[in-house]
S.K.: 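A single structure is presented below for examination.
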Amino acid sequence: MTATLKDTTAIVGIGQTPFARQLPESEKTLACRAVLAALDDAGIPPSQVDAFASYTMEETDEVELAKAIGAGDATFFSRVGYGGGGSCATVAHLAAAITTGQATVGVAWRSRKRGSGPRPWTETRAQLPTPAQWTRPYGLLRPVDEIAMLARRYMHEYGATRDHLFDVALACRNRANQNPAAMMYDRPLTREMYMTSRWISDPLCLFDNCLETDGALACVVVSADRARDCRRAPVYVHSAAQGLPAQHHGMVNYWTDDPLTGPSWAAARQLWKHADFGPADVHVAQIYDAFTPLIPLSLEGYGFCGRGEGAAFSEGGALEIGGRLPINTGGGGLSEAYVHGFNLITEGVRQLRGSSTAQVPGATTCLVTAGEGVPTSALLLRS
């Protein structure tokens, strides 16, 4: 019998700092506060933590974090590559370590000062890794420029329009308007605001882009047996996957045979293979939304609709509460905070605890995804 991670571990604690364009604390301090809040949520003392998982572009390492929170001996630690593509994989790595007896209490976190800190693409010394040598000298400097190219290709091939991208932006903003912790809590979005906003990289406007945020989040993972004795009801890690498709070139995937089949397709095959349910059984989804076009691309990749149907899927309030697939119920990266997708994990946990500010009635299953366009990861959670 093949061993799997199915329901062998659970997330039992979540924590976060406030979100803002500028916070005074260092990234390390924010990380510690989020981790300690998650441990308190779980009712587990820091001295029992023996596993750590983070992902690249994280400035706080496990050595500094473990010392600062007062952890015991650590027997497992990992760091997943590819920025926002690694968010869900941190939980997957902890689940694998705990299931195989490498550790007992794992902490995953993300701390960023993207709002007040420098933008990654301003570091000119790191601007020309392969394949960026073929794109950045010609003007594709920022992630939004790279995704804009995919968005225009998608519009050309499948008839997607800015109205479809507005559907995505509006769904996320509407949920943020219900979430007091969201940066856009008191700032509604209208179609006129969207359609008349300034261009960032054609065809993407201001509201197609995620926020720039200071803040940190964390979660605690333990075995399913131990989870039953924790302070909060467990949210089980039902399935987990990473995805790096053959001949992939990151967000500048333009010269492959099929640029619109991104890493979500590879991750999805692995994710559903080990699950007891399929896309039709997912009650709510937290889909990585650094840019609005990533939502229709991910809806297709994870099997909620057919090729080229992701944009049309958004019509008629399908992504809102009460729609076909409510998404990003805390506001997501577009309207709650952009902390490289970790807020999607914590919001997935809240939904299955029944404590979201935009609760989907009766939700017992949740898909969480990491960044599409880069080597990615995903989780299926269940209560």
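Just so you know, these numbers use all the heavy atoms, side chains as well, and skip hydrogens, waters and symmetry mates.
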S.K.: Tell me every residue that passes side chain to side chain donor-acceptor pair (under 3.5 Å) with S47, counting only those two or more places apart in sequence or in another chain.
M.R.: none
S.K.: Would you please name every residue forming a salt bridge (charged side-chain N to carboxylate O under 4.0 Å, His left out) with D145, sequence neighbours left out?
M.R.: R142
S.K.: Determine the minimum heavy-atom distance between C230 and A42, stating which atoms define it.
M.R.: CB-O, 3.7 Å
S.K.: Would you say the side chain of V220 lies within less than 4.5 Å of the side chain of I44, judging by non-hydrogen atoms?
M.R.: yes
S.K.: Salt-bridge test for R33 and E25: reply yes if a basic N is under 4.0 Å from a carboxylate O, no otherwise.
M.R.: yes
S.K.: In terms of the angle between their ring planes, are H238 and F277 parallel, tilted or perpendicular, with boundaries placed at 30° and 60°?
M.R.: parallel
S.K.: Contact between L367 and L271 at the side-chain level, heavy atoms closer than 4.5 Å - yes or no?
M.R.: yes
S.K.: Is the Lys NZ or Arg CZ of R110 less than 6.0 Å from the centre of Y55's six-membered ring, within 45° of the axis?
M.R.: yes
S.K.: More than 12 non-hydrogen atoms from neighbouring residues, nucleotides or ligands closer than 6.0 Å to CZ on F207, yes or no?
M.R.: yes
S.K.: Return yes if some donor-acceptor pair links the side-chain N/O of T256 with the main-chain N/O of N253 below 3.5 Å, else return no.
M.R.: yes
S.K.: Could you give me the CA-CA distance, side-chain angles and deciding distance for F19 and L211, then say whether side-chain contact (heavy atoms from CB on, under 4.5 Å) is met?
M.R.: CA-CA 10 Å; F19 303 129; L211 302 171; over 6 Å; no
S.K.: Determine whether P245 and W265 make a side-chain contact, defined as any pair of heavy atoms from C-beta on separated by less than 4.5 Å.
M.R.: no
S.K.: Hey, any chance L170 and L206 share a hydrophobic cluster, counting ILVMFWY side chains that come within less than 4.5 Å of each other, even indirectly?
M.R.: yes
S.K.: Please test D276 against R382 for salt bridge (charged side-chain N to carboxylate O under 4.0 Å, His left out), starting from the C-alpha separation and ending with a verdict.
M.R.: CA-CA 11 Å; D276 289 341; R382 74 163 188 85; over 6 Å; no
S.K.: Tell me if a side-chain donor or acceptor on T376 pairs with a main-chain N or O of S264 at a distance below 3.5 Å.
M.R.: no
S.K.: Any donor-acceptor pair under 3.5 Å linking the side chain of S356 with the backbone of A358?
M.R.: yes
S.K.: Hey, any chance L260 and F313 share a hydrophobic cluster, counting ILVMFWY side chains that come within less than 4.5 Å of each other, even indirectly?
M.R.: no
S.K.: What I'd like to find out is whether the side chain of V107 reaches to under 4.5 Å of the side chain of V221, using heavy atoms alone.
M.R.: no
S.K.: Yes or no on ring pair (Phe, Tyr, Trp, His ring centres under 6.0 Å) for H340 and Y338, after CA distance, side-chain angles and deciding distance?
M.R.: CA-CA 6 Å; H340 254 167; Y338 184 63; 5.5 Å; yes
S.K.: Determine, step by step, whether R175 and E320 satisfy the salt bridge (charged side-chain N to carboxylate O under 4.0 Å, His left out) criterion, reporting the C-alpha distance in whole Å, the side-chain angles of both residues, the deciding distance to 0.1 Å, and the verdict.
M.R.: CA-CA 8 Å; R175 302 295 78 75; E320 306 276 357; 2.5 Å; yes
S.K.: Heavy-atom distance under 4.5 Å between the side chains of E336 and N179, does that happen here?
M.R.: yes
S.K.: Evaluate the side-chain hydrogen bond (donor to acceptor under 3.5 Å, both in side chains) criterion for residues E300 and Y158: first the C-alpha distance (whole Å), next the side-chain angles of each, then the deciding distance (0.1 Å), finally the verdict.
M.R.: CA-CA 12 Å; E300 295 173 20; Y158 298 119; 5.7 Å; no
S.K.: List the steps and the verdict of side-chain contact (heavy atoms from CB on, under 4.5 Å) for R162 and Y194.
M.R.: CA-CA 9 Å; R162 293 191 67 210; Y194 177 89; 3.6 Å; yes
S.K.: Any side-chain heavy-atom pair from C32 and L65 closer than 4.5 angstrom?
M.R.: yes
S.K.: Return the minimal non-hydrogen interatomic distance between L5 and A92, and the atom names on each side.
M.R.: CD1-O, 4.1 Å
S.K.: side-chain hydrogen bond (donor to acceptor under 3.5 Å, both in side chains) for E146 and T135? Distances and angles first, verdict last.
M.R.: CA-CA 9 Å; E146 297 167 340; T135 56; 4.7 Å; no
S.K.: Hydrogens and angles aside, do T329 and Q286 bring a side-chain donor and acceptor to less than 3.5 Å of each other?
M.R.: yes
S.K.: Taking the side chain from D61 and the backbone from V63, do they hold a donor-acceptor pair closer than 3.5 Å?
M.R.: yes
S.K.: Does CZ in R187 sit with more than 12 non-hydrogen atoms of other residues, nucleotides or ligands closer than 6.0 Å?
M.R.: no
S.K.: Would a hydrophobic clustering, with Ile, Leu, Val, Met, Phe, Trp and Tyr connected at side-chain separations under 4.5 Å, put L217 with I287?
M.R.: no
S.K.: Does the side chain of V252 come within less than 4.5 Å of M149's, by heavy atoms?
M.R.: no
S.K.: Between D50 (side chain) and A103 (backbone), is there a donor-acceptor pair under 3.5 Å?
M.R.: no
S.K.: Quick one: does any side-chain atom of N209 pair with a main-chain N or O of A290 as donor and acceptor, under 3.5 Å?
M.R.: no
S.K.: Does a side-chain N-to-carboxylate-O contact under 4.0 Å join D225 and R228?
M.R.: yes
S.K.: Answer yes when D202 and R152 have at least one side-chain N-carboxylate O distance shorter than 4.0 Å, and no when they do not.
M.R.: yes
S.K.: Any chance you could lay out the salt bridge (charged side-chain N to carboxylate O under 4.0 Å, His left out) test for E58 and R79, step after step, and finish with the verdict?
M.R.: CA-CA 9 Å; E58 173 65 49; R79 181 171 294 208; over 6 Å; no
S.K.: According to a hydrophobic-cluster definition based on side-chain heavy atoms being under 4.5 Å apart (Ile, Leu, Val, Met, Phe, Trp, Tyr only), do V368 and V284 belong together?
M.R.: no
S.K.: If you apply the rule side-chain hydrogen bond (donor to acceptor under 3.5 Å, both in side chains), what do you find for H93 with T90, and how did you get there?
M.R.: CA-CA 5 Å; H93 285 203; T90 61; over 6 Å; no
S.K.: Would R153 and Y254 count as a cation-pi pair here, with the cationic atom under 6.0 angstrom from the ring centre and within 45° of the axis?
M.R.: no
S.K.: For D258, does the CG atom have more than 12 heavy-atom neighbours from other residues, nucleotides or ligands under 6.0 Å away?
M.R.: yes
S.K.: For a quick test of reading the model, state the closest non-hydrogen atom pair linking R353 to A233 and the distance between them.
M.R.: NE-O, 4.3 Å
S.K.: Look at the side-chain heavy atoms of Ile, Leu, Val, Met, Phe, Trp and Tyr, link any pair under 4.5 Å apart, and say whether L140 and L294 land in one connected group.
M.R.: yes
S.K.: Please step through side-chain hydrogen bond (donor to acceptor under 3.5 Å, both in side chains) for the pair Q242 and Q270, ending with a clear verdict.
M.R.: CA-CA 8 Å; Q242 292 179 259; Q270 183 76 359; over 6 Å; no
S.K.: Check this for me, if you would: do R231 and D41 make a salt bridge, where the nitrogen-to-carboxylate-oxygen distance has to be below 4.0 angstrom?
M.R.: no
S.K.: Under 4.0 Å between a Lys/Arg side-chain N and an Asp/Glu carboxylate O for K113 and E27?
M.R.: no
S.K.: Any heavy-atom pair between the side chains of L344 and Y288 that's under 4.5 Å?
M.R.: yes
S.K.: Is Y82 atom OH crowded by more than 12 heavy atoms from other residues, nucleotides or ligands, each under 6.0 Å away?
M.R.: no
S.K.: Kindly say whether G83 contributes a backbone atom to a donor-acceptor pair with the side chain of T56 at under 3.5 angstrom?
M.R.: yes
